[in-house]
Student: 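After the structure tokens below, expect a handful of questions from me.
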Amino acid sequence: MKRLLLGIAAVAGLVLASSQAWSADKLLNASYDVGRELFVDINKAFIAKHPGVTVDQSHAGTSAQARAIAEGLGADVVTFNQVTDVDFLVKKGLVSADWQKDFPDNASPFYSLPSFLVRAGNPKHIKDWNDLVRDDVQVIFPNPKTSGNARYTYLAATAYAKEAFKGDDAKVKEFITKLFNNVPIFDTGGRAATTTFVQREIGDVLITFESETRGIRKEYGDDKFEQVTPSVSLLAEFPVAIVDKVADEHGSRDLAKTYLDFLYTPDGQEIAAGNGLRVRDATVAAKHKADFPDVRLLTVENVFGGWDRVQKEHFAAGGLLDQAYGSR
């Protein structure tokens, strides 16, 4: 319920933001769909340190957010979950080409990974990716055409299949097709998928960022849901960037940089860790080490040859994702 109410509040806040004049002490952060709780906490802490500042939020699948910004959404900063969506804004002339050099760690202050959430007792005994293609399992995750969250799920499942089938492309494609066939509803974003699984009680397993599975379990209790960490997953970095064209028009560049810098401070990192994200700060990460299971993380670079190649081979029109997704 808290997650649903935050979604409604985010839409209301965006409408209000779009109706007010912009100024140098005001920001709009366009962010990923399941980041609502994180940025409620981040913005509260940031504003406490910078009285008089206003930070408004927009939340949706980051591919949809990127398109909205290209069509006129006045976001000063983006806090996305997929590099390709920032690169889309680069191609539109809205973000500088060297945006990953503007902040540490390739402009990714924290990271996560696709993980599983099952119902209490794990009645279907789901342990790893291979369990998700069984005929008796229904899987919930959003549409990878609109959700960066789901694209990581697709890539993580593909990476698993590449290892399991020793690079046999036909078997990998068959595995991904079976996985898609087991999804009864493709919601447009990660939060809608959470609602489908948690509140509508559809499906046996939800695949989403580990931060979201942790948040759901914390909110609803271990007597309702359990987290399952697969044997292998994919590093999901959360890139941030100033939308240069917008920030310059609003006169908000300095504030935008200060805001994104805050994500790297010990206070910002502590808030991120408390919201289930794995962080870069060594001291904060060590403090929360027990909260995060060990998992072998693959990378887009090592498995797929980098984001440019992924975009061309998997996400472009007619690419491997389109082939597996079909006309669903």
Side-chain angles (χ1 to χ4, degrees), residues 1-11 31-45 57 59 81 110-129 131-132 134 136-142 147 149-150 152-153 156 182-185 187-231 233 236 238 269-279 284-295:
M1 181 58 69
K2 177 182 176 184
R3 283 168 156 68
L4 176 61
L5 292 175
L6 278 174
I8 295 171
V11 173
S31 193
Y32 58 98
D33 198 35
V34 298
R36 291 172 173 84
E37 292 80 11
L38 168 66
F39 285 101
V40 165
D41 293 343
I42 287 286
N43 293 347
K44 181 179 178 181
Q57 288 292 136
H59 291 282
N81 57 28
F110 34 72
Y111 62 100
S112 192
L113 55 113
S115 187
F116 306 161
L117 189 76
V118 298
R119 305 193 187 281
N122 194 2
K124 293 294 180 75
H125 306 290
I126 293 166
K127 296 181 180 179
D128 214 338
W129 294 98
D131 294 312
L132 306 184
R134 289 174 7 212
D136 65 328
V137 172
Q138 280 196 328
V139 184
I140 301 297
F141 61 88
S147 167
N149 183 331
Y152 274 113
T153 291
N182 281 354
V183 181
I185 299 171
D187 294 296
T188 58
R191 185 48 52 88
T194 292
T195 298
T196 293
F197 183 74
V198 172
Q199 296 182 9
R200 297 175 64 191
E201 299 185 344
I202 297 173
D204 302 298
V205 54
L206 171 69
I207 314 176
T208 186
F209 291 128
E210 179 185 55
S211 53
E212 178 79 342
T213 65
R214 286 175 56 81
I216 296 168
R217 185 177 58 81
K218 182 178 179 181
E219 181 176 346
Y220 289 90
D222 293 336
D223 60 329
K224 299 290 185 182
F225 301 102
E226 297 178 13
Q227 290 175 256
V228 174
T229 302
S231 63
S233 194
F238 287 64
Q269 294 277 282
E270 182 64 40
I271 291 169
N275 278 270
L277 288 155
R278 301 186 184 220
V279 298
V284 177
K287 178 181 175 182
H288 291 270
K289 181 175 174 55
D291 297 333
F292 297 96
D294 290 334
V295 58

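Just so it is clear, the model here is predicted, and its values are computed rather than measured. The chain is numbered in sequence order, starting from 1.
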Student: Determine whether more than 12 heavy atoms belonging to other residues, nucleotides or ligands lie under 6.0 Å from atom CG of Asp136.
Tutor: yes
Student: Mind listing the closest non-hydrogen atom pair of Phe110 and Ala272 along with its distance?
Tutor: CD2-CB, 3.7 Å
Student: Within a strict 4.5 Å, meaning less than it, do heavy atoms of the Pro184 and Ile202 side chains meet?
Tutor: yes
Student: Specify the closest pair of heavy atoms between Ile140 and Gly203, including all atoms of both residues, with the distance to one decimal.
Tutor: CG1-CA, 3.9 Å
Student: Measure the CG-NE2 distance between Leu277 and His288 for me, rounded to the nearest 0.5 Å.
Tutor: 11.0 Å
Student: List the residues meeting side chain to side chain contact (heavy atoms under 4.5 Å, CB included) with Asp187, not counting sequence neighbours, and say none if there are none.
Tutor: Ile185, Ala192, Ala193, Thr196
Student: Under the 3.5 angstrom rule, does the side chain of Glu226 hit a backbone N or O of Gly121 as a donor-acceptor pair?
Tutor: yes
Student: Which heavy atom of Ala120 sits nearest a heavy atom of Pro123, and at what distance?
Tutor: O-CD, 3.7 Å
Student: Find the distance between CG (Asn182) and CZ (Arg134) and round it off to the nearest 0.5 Å.
Tutor: 9.5 Å
Student: Given side chains that start at C-beta, do those of Val137 and Val205 come closer than 4.5 Å, heavy atoms only?
Tutor: yes
Student: Can you name the nearest heavy-atom pair linking Val295 to Ser233, along with the distance?
Tutor: CG2-N, 4.2 Å
Student: Using the ring-ring contact (aromatic ring centres under 6.0 Å, His included) rule, collect all pairs that involve residues 197-216, keeping only residues at least two apart or in two chains.
Tutor: Tyr152-Phe209, Phe197-Phe225, Phe209-Phe238
Student: To the nearest 0.5 Å, what is the distance between CG on Asn149 and CD1 on Ile207?
Tutor: 9.5 Å
Student: Excluding sequence neighbours, so at least two apart, what forms side chain to side chain contact (heavy atoms under 4.5 Å, CB included) with Asp41?
Tutor: Ile271, Asn275
Student: How far does CD of Glu212 sit from CZ of Arg36, to the nearest 0.5 angstrom?
Tutor: 9.0 Å
Student: Taking C-beta and beyond as the side chain, do Phe141 and Val183 meet within less than 4.5 Å on heavy atoms?
Tutor: yes
Student: Kindly indicate whether the side chain of His59, heavy atoms from C-beta on, has any atom under 4.5 Å from the side chain of Phe39.
Tutor: yes
Student: Is it the case that the side chain of Arg214 and the backbone of Gly274 share a donor-acceptor pair, with hydrogens and angles ignored and the cut-off at 3.5 Å?
Tutor: no
Student: Test: salt bridge (charged side-chain N to carboxylate O under 4.0 Å, His left out). Region: residues 201-211. Which pairs qualify, not counting sequence neighbours?
Tutor: Lys124-Asp204, Glu210-Arg278
Student: Between Arg191 and Glu37, is there a salt bridge with N-O shorter than 4.0 Å?
Tutor: yes
Student: Under the rule for side chain to side chain contact (heavy atoms under 4.5 Å, CB included), what residues qualify as partners of Ala285, not counting sequence neighbours?
Tutor: Val279
Student: Mind listing the closest non-hydrogen atom pair of Ser147 and Gly190 along with its distance?
Tutor: OG-N, 4.2 Å
Student: Would you say Ser115's side chain and Val228's backbone share a donor-acceptor pair under 3.5 angstrom?
Tutor: yes
Student: Could you tell me if Asn122 and His125 have a donor-acceptor pair between their side chains, going purely by distance under 3.5 Å?
Tutor: no
Student: Distance from Asn43 atom CG to Leu38 atom CG, nearest 0.5 Å?
Tutor: 8.5 Å
Student: Please identify each residue that fulfils side chain to side chain donor-acceptor pair (under 3.5 Å) with Gln227, with sequence neighbours left out.
Tutor: Thr213, Arg217
Student: Drop me the distance from Leu117's CG to Lys224's NZ, to the nearest 0.5 angstrom.
Tutor: 13.0 Å
Student: Taking C-beta and beyond as the side chain, do Thr194 and Ile216 meet within less than 4.5 Å on heavy atoms?
Tutor: yes
Student: Locate the shortest heavy-atom distance separating Leu132 from Val139; write the atom from each residue and the value.
Tutor: O-CG2, 3.6 Å
